[in-house]
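Reckoned from all heavy atoms, side chains included, excluding hydrogens, waters and symmetry mates. Please read these numbers as outputs of a predicted model, since none were measured by experiment.
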There are 2 protein chains.
Amino acid sequence: MKEMLSKISIQVNEKIYLKNPDTSVLGRKLVAGSIALIDELGFEGFTFRKLAKSIDSTEASIYRYFENKHKLLIYLTAWYWGWMEYRMVFGLANVASPEDRLRKAINLLTEIVKEDSTFSHINEIKLNHIILAESSKAFLTKSVDQENKEGFFSGYKALVERMSQIILEINPNYKYSHMLVSTLIEGVHHQRYFTEHLPALTDVIQGEDAISDFYKDMLFKAIKTVEK
Amino acid sequence: MKEMLSKISIQVNEKIYLKNPDTSVLGRKLVAGSIALIDELGFEGFTFRKLAKSIDSTEASIYRYFENKHKLLIYLTAWYWGWMEYRMVFGLANVASPEDRLRKAINLLTEIVKEDSTFSHINEIKLNHIILAESSKAFLTKSVDQENKEGFFSGYKALVERMSQIILEINPNYKYSHMLVSTLIEGVHHQRYFTEHLPALTDVIQGEDAISDFYKDMLFKAIKTVEK
DNA sequence: CAAATATAATAGTATTACTATCATTTTCAA
DNA sequence: TTGAAAATGATAGTAATACTATTATATTTG
């Protein structure tokens with residue numbers, strides 16, 4: 001079983017990297033190390049020099065995998081969305097009602113990742129933590145149009161489209177399905193971040209997962225109700 | 001009239017800057033120039049050296065006003081929230097019903113700023129454009145806790161609190177007022193940005209301001225309805 | 001008008017973000 | 001198993017960034 005799972009790997013757009021880090025020991029150490037280091041230092045404080053030191057390699061070697069740290073961040077986010085897609089495929093299979101599928105999808109997106117999977121070198125707990133604080137920096141740059149054209153964000157877009165389709169199954173007349181989904185996804189990241197750092201901007205309720213409850217409430221009301 | 005208006009100025013937390021840029025010709029040129037340059041180059045491409053050149057001054061002079069470009073970004077966002085607060089005070093005064101006040105507040109937040117005011121050196125159109133792409137970078141850093149403690153985000157928090165109060169007037173039992181407001185604010189930024197750069201993540205509807213309509217619909221349903 | 005303050009001009013440092021070259025190690029195919 | 005190809009390491013170097021410091025020159029203000 002473990003062996004089977006170890007053969008599953010998340011594919012990301014080939015143009016993101018110079019050399020696929022998934023194909024070598026150094027590449028996997030590089031990615032694993034970058035997750036630990038970005039989580040520790042933040043993306044701005046993170047440099048390839050520090051990464052090289054932390055994995056006992058050299059800057060030059062890292063530059064053979066990624067053009068720059070921005071591309072590495074895009075790689076991590078693309079991997080994350082690929083992984084999320086994979087979790088959705090498994091989690092939503094054989095769930096007949098679109099309502100239940102949507103509920104499950106929201107759960108997957110809002111959950112704080114608490115278990116590291118055994119099938120990859122990537123620590124999904126730390127990666128999830130990075131995504132909350134850093135993922136928007138992957139597209140909030142002047143190179144976004146070019147990078148979008150090259151398909152760097154296709155994983156994210158595919159997920160939005162998939163969930164959008166579920167919403168349209170529930171209510172084919174709902175006009176803002178993509179907006180609703182991307183508002184949910186980015187919102188979850190922000191609210192989780194706010195809970196930790198800017199609690200005045202959110203609502204923390206003892207013993208409840210307010211974020212998950214809030215977004216479920218919000219989405220179903222948006223899709224299913226007519227205003228009183 | 002012009003003279004009176006020119007005496008209005010937006011106050012920001014004094015700890016954000018080393019010397020108040022609002023008190024000198026150079027300081028105002030610096031801020032105005034930074035808005036133009038960040039809009040043109042993006043925050044990552046923007047440097048104090050380039051700013052100095054563009055306003056025909058020196059790096060050393062700019063460093064007398066701001067410790068670094070991150071503090072300057074915090075200044076710009078704080079100014080923006082102060083300005084938004086000012087617009088809300090005027091825009092919502094004498095509006096009796098909380099529903100109408102909420103609708104107006106959402107309009108102010110979702111509107112693309114199209115007119116530059118005459119009472120300040122700041123180009124609000126460009127600043128609004130910067131806010132969409134760059135404002136989240138002001139708090140998505142490792143220094144957020146310290147900076148929050150020093151009150152750098154109090155303008156943003158005050159606005160969330162103000163709108164949260166309106167929501168509670170409409171429905172005192174609504175549990176997630178702060179979350180709803182910050183989801184709205186950050187969401188508007190993202191959706192405007194997506195419309196321009198990643199349209200697959202949003203819904204663009206010809207001849208309609210889909211973003212404004214979507215958020216109004218979403219908020220009122222969240223606050224006022226019970227799920228069918 | 002003198003003193004204080006602000007700005008400009010200039011120079012300098014440490015770090016970042018790379019690129020280049022060559023030696024060494026590892027891989028993998030015949 | 002060996003020898004070529006590929007990957008990595010070691011080292012060096014460049015341009016730009018992110019500052020700090022010093023001194024000279026304007027400008028403001030009391």
Side-chain angles (χ1 to χ4, degrees), chain A residues 14-34 37-38 40-76 121 134 137-138 140-143 146-147, chain B residues 14-34 37-38 40-76 121 134 137-138 140-143 146-147:
Chain A
E14 292 189 354
K15 286 184 233 153
I16 295 172
Y17 46 74
L18 298 170
K19 177 177 153 66
N20 190 344
D22 212 34
T23 60
S24 73
V25 175
L26 181 65
R28 289 187 292 270
K29 255 174 60 182
L30 187 174
V31 169
S34 74
L37 210 55
I38 292 172
E40 184 189 335
L41 306 173
F43 187 64
E44 286 72 33
F46 169 83
T47 69
F48 276 3
R49 178 180 295 260
K50 290 172 190 167
L51 174 58
K53 211 177 161 189
S54 89
I55 62 169
D56 216 16
S57 180
T58 62
E59 261 184 286
S61 298
I62 293 167
Y63 276 107
R64 281 187 200 104
Y65 287 86
F66 292 100
E67 235 177 288
N68 50 51
K69 71 174 182 174
H70 176 239
K71 288 279 173 69
L72 172 55
L73 180 63
I74 290 179
Y75 177 87
L76 294 178
H121 53 291
E134 318 289 359
K137 296 170 191 170
L140 293 174
T141 68
K142 283 285 166 182
S143 48
Q146 180 58 34
E147 286 163 358
Chain B
E14 293 188 355
K15 286 184 232 154
I16 295 173
Y17 47 72
L18 299 170
K19 177 176 154 65
N20 190 344
D22 212 35
T23 61
S24 73
V25 174
L26 181 66
R28 290 188 290 271
K29 255 173 61 184
L30 188 174
V31 169
S34 73
L37 211 55
I38 292 172
E40 184 189 335
L41 306 174
F43 188 64
E44 285 72 33
F46 168 83
T47 70
F48 275 3
R49 177 180 294 261
K50 290 172 190 167
L51 174 59
K53 211 178 164 189
S54 90
I55 61 168
D56 217 16
S57 180
T58 64
E59 261 184 287
S61 298
I62 292 167
Y63 276 106
R64 278 187 207 102
Y65 286 86
F66 293 99
E67 237 178 285
N68 50 50
K69 71 173 181 173
H70 175 240
K71 288 279 174 69
L72 171 55
L73 180 63
I74 291 179
Y75 177 88
L76 294 178
H121 53 291
E134 317 290 358
K137 296 171 190 168
L140 293 175
T141 68
K142 283 285 165 181
S143 49
Q146 180 58 34
E147 287 163 358

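If you measure from atom NZ of B:Lys69 to atom P of D:dA16, you get 16 Å, rounded to the nearest angstrom. A straight line from CZ of B:Phe43 to C1' of D:dA18 spans 12 Å, rounded to a whole angstrom. Computed from coordinates, the A:Arg49 CZ to D:dT17 C1' distance equals 14 Å when rounded to whole Å. Atom CZ of B:Phe46 and atom P of D:dT17 are 12 Å apart (whole Å). One atom, CG of A:Leu72, and another, P of C:dC18, lie 12 Å apart when rounded to the nearest Å. To the nearest angstrom, P of C:dC18 lies 11 Å from CG of A:Leu18. If you take CG of A:Asp56 and C1' of C:dT25, they are 15 Å apart, rounded to a whole angstrom. With rounding to whole Å, A:Asn68 atom CG is found 12 Å from C:dT16 atom C1'.
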For the pair B:Lys137 and A:Glu44, evaluate salt bridge (Lys or Arg N to Asp or Glu O under 4.0 Å) and give the outcome as yes or no after the intermediate values. CA-CA 10 Å; B:Lys137 296 171 190 168; A:Glu44 286 72 33; over 6 Å; no

Given side-chain hydrogen bond (donor to acceptor under 3.5 Å, both in side chains), test A:Tyr75 with A:Ser34 step by step and report yes or no. CA-CA 11 Å; A:Tyr75 177 87; A:Ser34 74; over 6 Å; no

Under the side-chain contact (heavy atoms from CB on, under 4.5 Å) rule, what do A:Glu147 and A:Thr141 come out as? Steps first, then yes or no, please. CA-CA 10 Å; A:Glu147 286 163 358; A:Thr141 68; 4.2 Å; yes

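Note on A:Glu59: a base of the nucleic acid sits closer than 4.0 angstrom, heavy atoms only. The residue B:Glu44 sits apart from the nucleic acid: no heavy atom pair falls under 4.0 Å.
Phosphate contact (OP1/OP2 of D:dT17, side-chain N/O of B:Lys50, threshold under 4.0 Å): present.
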Report each atom pair, protein N/O against N/O of nucleotides 3-7 of chain C, whose distance is under 3.5 angstrom.
| unit_1 | atom_1 | unit_2 | atom_2 | d |
| --- | --- | --- | --- | --- |
| C:dA6 | OP1 | B:Lys19 | NZ | 3.4 |
| C:dT7 | OP1 | B:Tyr65 | OH | 3.0 |
| C:dT7 | OP2 | B:Tyr65 | OH | 2.9 |

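Between A:Ala52 and A:Glu59, the closest heavy-atom pair is CB-N, 3.5 Å.
Taking CG from A:Leu26 and OG from A:Ser57, the interatomic distance works out to 4.5 Å, rounded to the nearest 0.5 Å.
Set against D:dT20, D:dT17, C:dC18, the side chain of B:Tyr63 has D:dT20 as its closest nucleotide.
Ring geometry, A:Phe46 versus A:Phe43: the interplanar angle falls under 30°, so the pair is classed parallel (tilted spans 30 to 60°).
No more than 12 heavy atoms of other residues, nucleotides or ligands sit less than 6.0 Å from atom NZ of A:Lys53.
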